[in-house]
Amino acid sequence: MADVKRRDVLRYGAAGAATAASALVGAQALASPEAPAPGPTAKGRKAGPDPDDFNEVYRGKRIRGRYKMGVLGNLDLGNLKNLGADITRTLGLARQNEVFVNNRALAMTAIPTMFFPTDGRKPYVGIGLISAINHYDPVELEPNADCLRSLGKKVVDILGDLELSGESAEEHTH
Amino acid sequence: MAVRKSIAAMTSAEKTAFATALRQLKSSSPNGRNYNWYIDQHITFFNRTNDNISHAHQSPSFFPWHREYLRLLELDLQAVSDDPDMFLPYWDWTGPASPFTADFCGAVTNGSVSRGNFSPSWGWSLYRSSIQTNFLQRRLGQAASRPSVSTVNAVQSYTVYDQSPWNGGVSNSYRNRNEIELHNRVHNYVGGHMGTREAPNDPVFWLHHCNIDRLWWRWQQNRGVDTYQPRGNVGGVVDNTETMQPFGRTPASVRNISDLGYSYS
Ligand SMILES: [Cu+2]
């Protein structure tokens, strides 16, 4: 079942290529000024059991995650118009990032979306990570695992004293 | 014929009747659908379908898909309550009237809704929750604030219904501005289950979406009823005369709310 879904993801990713690419070519994408440069964690990933890119306790819950963007993690994700055709692969790979909250999996998907910063920066277009929990509140994909840590923290803030259920691990496509 | 009123104009009896009908729909299917059917559709059609079309969100059909979705629920509530005038109320979140009162959606706004109409002790059960709990969750104001009147006016002033690339990344688009700046923001403002994929577990979902539909109708009054885009031949999205799943209806067929049997007061 999970394999079928994963194949679907790749298929949809390919089919959506033209749309996504044209979306982002015209985008006035502004990099977050404090966006960190691609770190060593984003490079040189090979097959095999990956170590966690972060593993820490936040508000009483263990959050951990693996950043699996591979070489695309070195792209300038804050400047989407430079991504060109790589946007499709980026959206596909972004789904394979992993975040766990108290060892319960959080499936995620990636969408092109507008962001409306509340700190005075202008609206811009980027790639957003959403899950069952933050379905209307994307976290911006960055060139390193910090975005996954932000996603984990956002989910913990929403959960409060509660835990993820099995539904949160269910994959879906957008 | 339903006349959809603001929650600010509802009587206590109307609120009670609405909440009772929602609870009744949890355990009966007067038109072959129960309440959980609506939650299933929301989860299913948030996904792209096998033909790679996004029907309900991040696409032009966001408005017409939800219009039909709400209309079906209204018909089901009329049937289950045996009241042909039963209506979906709208929540204008820019105003002072709150749905979060003991006699309506429940007064708990931070954490578990443990008492009132939509608590387990009143028979309200969750379905497909991604949060492990038996209680409806809310986190009012934690993740976002309410849109202001000026934000609503700014969004309503966009003149282009939608355009390429027809997704969440299009800037000059009434549909996308409304979907993200108003619709998403209020989902996040309520928080808890309203921020999740299974958001219709919280009945305030309908009050919020009713207001979104009202804003689209107001926009249509200014820009034209027959203004849906794309008109045809665009892949990956629902064109004006293509059918929306699971309803089998087209955006064109739901553009005029008087044809659908309701109005806004
Ligand atoms: Cu919604």
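Numbers restart at 1 for each chain; the letters A, B, ... are given by sequence-line order, proteins then strands.
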Is B/Gln132 close to A/Arg104 at the side-chain level, that is, under 4.5 Å between some pair of heavy atoms? yes
Minimum side-chain heavy-atom gap B/His57-A/His135 below 4.5 Å | no
So, the part of B/Ile180 with a heavy atom under 4.5 Å from chain A: the answer is side chain
When the 4.5 angstrom heavy-atom criterion is applied to B/His183 and chain A, the contacting part is side chain
How long is the straight-line distance from [atom2] of [Y] back to [atom1] of [X], given to the nearest 0.5 Å?
X: A/Asn134; Y: B/Thr196; atom1: CG; atom2: OG1; value: 10.5 Å
X: B/Glu198; Y: A/Ser165; atom1: CD; atom2: OG; value: 7.0 Å
X: A/Thr113; Y: B/Asn167; atom1: OG1; atom2: CG; value: 8.0 Å
X: B/Ser130; Y: A/Leu106; atom1: OG; atom2: CG; value: 8.5 Å
X: A/Ile130; Y: B/Gln58; atom1: CD1; atom2: CD; value: 5.0 Å
X: A/Ile158; Y: B/Met194; atom1: CD1; atom2: CE; value: 13.0 Å

* Asked: B/Arg185 side chain to A/Asp137 main-chain N or O, any donor-acceptor pair under 3.5 Å?
  -> no
Quick check against the 3.5 Å criterion: does B/Gln142 have a side-chain atom that pairs as donor or acceptor with the backbone of A/Asp157? yes
Contacts of B/Asp213 meeting salt bridge (Lys or Arg N to Asp or Glu O under 4.0 Å) (sequence neighbours excluded), chain-then-number -> B/Arg4, B/Arg67
By salt bridge (Lys or Arg N to Asp or Glu O under 4.0 Å), B/Arg139 pairs with (sequence neighbours left out) none
Margin query: Checking A/Met114 against B/Glu181 for the side chain to side chain contact (heavy atoms under 4.5 Å, CB included) test, could you report, in this order, the C-alpha distance in whole Å, the side-chain angles of both residues, the deciding distance, and whether it holds?
Written below: CA-CA 9 Å; A/Met114 288 193 78; B/Glu181 289 193 83; over 6 Å; no
CG (B/Asn153) with more than 12 external heavy atoms under 6.0 Å: yes
For B/Arg223, I'd like to know if atom CZ has over 12 heavy atoms of other residues, nucleotides or ligands within 6.0 Å. yes
Looking only at B/Ser129, B/Gly191, B/Gly111, B/Ala199, most heavy-atom pairs under 4.5 Å shared with chain A are made by B/Ser129
- [ ] Would you sort out whether B/Glu179 and A/Tyr136 count as a side chain to side chain contact (heavy atoms under 4.5 Å, CB included), showing the intermediate values?
- [x] CA-CA 10 Å; B/Glu179 184 173 355; A/Tyr136 306 91; over 6 Å; no
Answer key: most heavy-atom pairs under 4.5 Å with chain B among A/Ile133, A/Val155, A/Leu159 is A/Ile133
